[in-house]
Amino acid sequence: MATQDELKKQVGYKAVDDYVTSDMVVGLGTGSTAYFAVERLGQLLTDGTLKNIVAIPTSERTREQALSLNIPLVTLDTHSVLDVAIDGADAVDPQFNLVKGGGGALLREKMVEVCAKKFVVIVDDSKMCDGLGPSFPVPVEITPFCHEHTRKLIEGLPQCAGCKAVLRMGSSSNNQNDGDEIAVTDNGNYIVDLVFEKVIGDSPALASALKNTVGVVDHGIFAGMTTVVIIAGKDGVEVKVA
């Protein structure tokens, strides 16, 4: 049976093989699954299979990986329309709404991926769920200024009823409490993880309520953005079109 890393590699490589062609602007995701898509893009540029590609990374660590593979990088300032973006997800519901941001890069991920003509989501089957909420906490990026005030505002939203808003500590690249210092994102902000015991009844409504909360920069609900989900499981790779 394939290990979880082998499953991640299968979908990462397939996403690039099936959805990236020469002369494209490509969004590069962040995380342990997206890592393999970046790796594959570097391979195909090196061997000449792909030519004239430029890419936009969604985090500092993805930027460093891409540079190490000699992938030409640009920014949204010069390339505000992408042909395709490829990234993982922490949870995927039946309507292809996502929770992202377990790795702390949700703001840059959303800024880049919302600009893509196609958004290819790559996951192993453990990330598929019946509804967002219980399977993975929803990250919310907030300003450091009066962060405890903002955390309380979020926890008090009607759409967050029953959830616990937990300030991320230690490393920003995971939601484990692995340090005594407040986690800081690439953008200098903090993250609050919303822990739900029950399925979120209306994910787009929660997304809107969070976005309208002053002090919130953005959140990890990616609703209505997915083009296709590539899912690796013990029985092979499955492709679901949104």
Side-chain angles (χ1 to χ4, degrees), residues 4 7-8 10-12 14-15 18-19 27 29-34 37 58 82-141 154 157-165 175 191-213 216-242:
Q4 194 167 31
L7 295 177
K8 291 175 179 181
Q10 287 174 20
V11 291
K14 182 174 177 61
D18 292 0
Y19 290 94
T30 294
S32 57
T33 308
T58 55
L82 288 73
D83 296 290
V84 65
I86 301 170
D87 204 354
D90 300 303
V92 184
D93 77 5
Q95 289 74 46
F96 303 107
N97 297 314
L98 316 173
V99 170
K100 290 177 50 55
L106 59 129
L107 176 60
R108 296 190 188 187
E109 288 172 342
K110 189 174 287 185
M111 287 180 69
V112 170
E113 288 152 12
V114 77
C115 295
K117 296 175 186 175
K118 292 182 178 179
F119 179 28
V120 180
V121 178
I122 49 176
V123 294
D124 63 77
D125 57 7
S126 71
K127 304 299 172 62
M128 307 302 291
C129 63
D130 294 330
L132 302 183
S135 68
F136 199 91
V138 177
V140 182
E141 188 157 343
I154 293 168
L157 290 171
Q159 295 84 356
C160 288
C163 98
K164 185 173 175 58
N175 62 7
I191 293 178
V192 170
D193 290 297
L194 307 186
V195 181
F196 288 86
E197 291 185 4
K198 296 179 180 178
V199 169
I200 299 166
D202 188 338
S203 296
L206 172 59
S208 179
L210 289 168
K211 190 72 173 176
N212 288 329
T213 300
V216 169
V217 180
D218 219 318
H219 53 79
I221 295 175
F222 287 48
M225 290 174 56
T226 304
T227 305
V228 62
V229 183
I230 305 177
I231 308 156
K234 63 181 186 300
D235 298 323
V237 175
E238 181 182 7
V239 178
K240 290 188 175 183
V241 179

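Side chains included, hydrogens not; waters and symmetry mates left out as well; all remaining heavy atoms used. Quantities reported herein were computed from a predicted structural model and do not represent experimental measurements.
The two atoms that bring Gly233 and Asp125 nearest to each other are CA-OD2, 3.3 Å, heavy atoms only. Residues Ile230 and Ala15 share a closest heavy-atom pair of CD1-CA, 3.7 Å. Looking at every heavy atom in both residues, Leu132 comes nearest to Ser203 through CD1-OG, 3.6 Å. Taking every heavy atom of both residues into account, Val237 and Val11 meet most closely at CG1-CG1, 4.5 Å. Contact detail for Ala223 and Pro204: the closest heavy-atom pair is CB-CG, 4.4 Å. Closest heavy-atom contact between Ala232 and Gln10: CB-OE1, 4.2 Å.
Side-chain atoms of Val199 and Asp130, non-hydrogen and from C-beta on, never get closer than 4.5 Å to each other. A heavy-atom distance below 4.5 Å is found between the side chains of Asp87 and Phe119. Using a 4.5 Å heavy-atom threshold, the side chains of Pro139 and Asn175 count as separate. At a threshold of 4.5 Å between non-hydrogen side-chain atoms, the residues Met128 and Val123 count as touching. At a threshold of 4.5 Å between non-hydrogen side-chain atoms, the residues Thr58 and Glu113 count as touching. Within the 4.5 Å cutoff, the side chain of Ile200 has heavy atoms near those of the Val138 side chain. Looking only at side-chain heavy atoms (C-beta outward), His219 and Lys110 come within less than 4.5 Å of each other. For the pair Phe196/Leu206, a side-chain contact is recorded, criterion being any heavy-atom separation below 4.5 Å from C-beta on.
Checking side-chain atoms of Asp83 against main-chain N and O of Lys117 turns up no donor-acceptor pair under 3.5 Å. Under a 3.5 Å cut-off, the side chain of Lys8 and the backbone N or O of Asp124 do not form any donor-acceptor pair. The main-chain N or O of Gly101 is found under 3.5 Å from a side-chain atom of Asp90 such that the two form a donor-acceptor pair. Remark: the backbone N or O of Phe96 is paired with a side-chain donor or acceptor of Thr226 at under 3.5 angstrom. In this structure, the side chain of Lys100 engages the main chain of Gly88 through a donor-acceptor pair within 3.5 Å. Side-chain atoms of Lys127 do not come within 3.5 Å of backbone N or O of Ile122 as any donor-acceptor pair.
Looking at Leu194, Asp193, Val99 one by one, the single match for side chain to side chain contact (heavy atoms under 4.5 Å, CB included) with Pro137 turns out to be Asp193.
Rounding to the nearest 0.5 Å places CG of Leu210 at 6.0 Å from CD1 of Ile154. Leu82 contributes atom CG, which lies 11.0 Å from atom CD1 of Ile86 (distance to the nearest 0.5 angstrom). To the nearest 0.5 Å, the span separating CD1 on Ile221 from CG on Leu106 amounts to 11.0 Å. Between the CD atom in Glu109 and the OG1 atom in Thr30 there is a gap of 5.0 Å [rounded to 0.5 Å].
A salt bridge links Asp218 with Lys211: the distance from a Lys NZ or Arg NE/NH1/NH2 to an Asp or Glu carboxylate oxygen falls below 4.0 Å.
Residues satisfying the side chain to side chain donor-acceptor pair (under 3.5 Å) criterion with Thr33, sequence neighbours excluded, are absent altogether.
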Determine whether Tyr19 and Thr227 satisfy the following criterion, side chain to side chain contact (heavy atoms under 4.5 Å, CB included), listing intermediate values before the conclusion.
CA-CA 11 Å; Tyr19 290 94; Thr227 305; over 6 Å; no
Could you go step by step and tell me if Lys240 and Ile231 meet the side chain to side chain contact (heavy atoms under 4.5 Å, CB included) rule?
CA-CA 8 Å; Lys240 290 188 175 183; Ile231 308 156; 3.8 Å; yes
Assess the residue pair Gln159 and Asp202 against the criterion (side chain to side chain contact (heavy atoms under 4.5 Å, CB included)); give the C-alpha distance rounded to whole Å, side-chain angles, the decisive distance to 0.1 Å, and a yes or no.
CA-CA 8 Å; Gln159 295 84 356; Asp202 188 338; over 6 Å; no
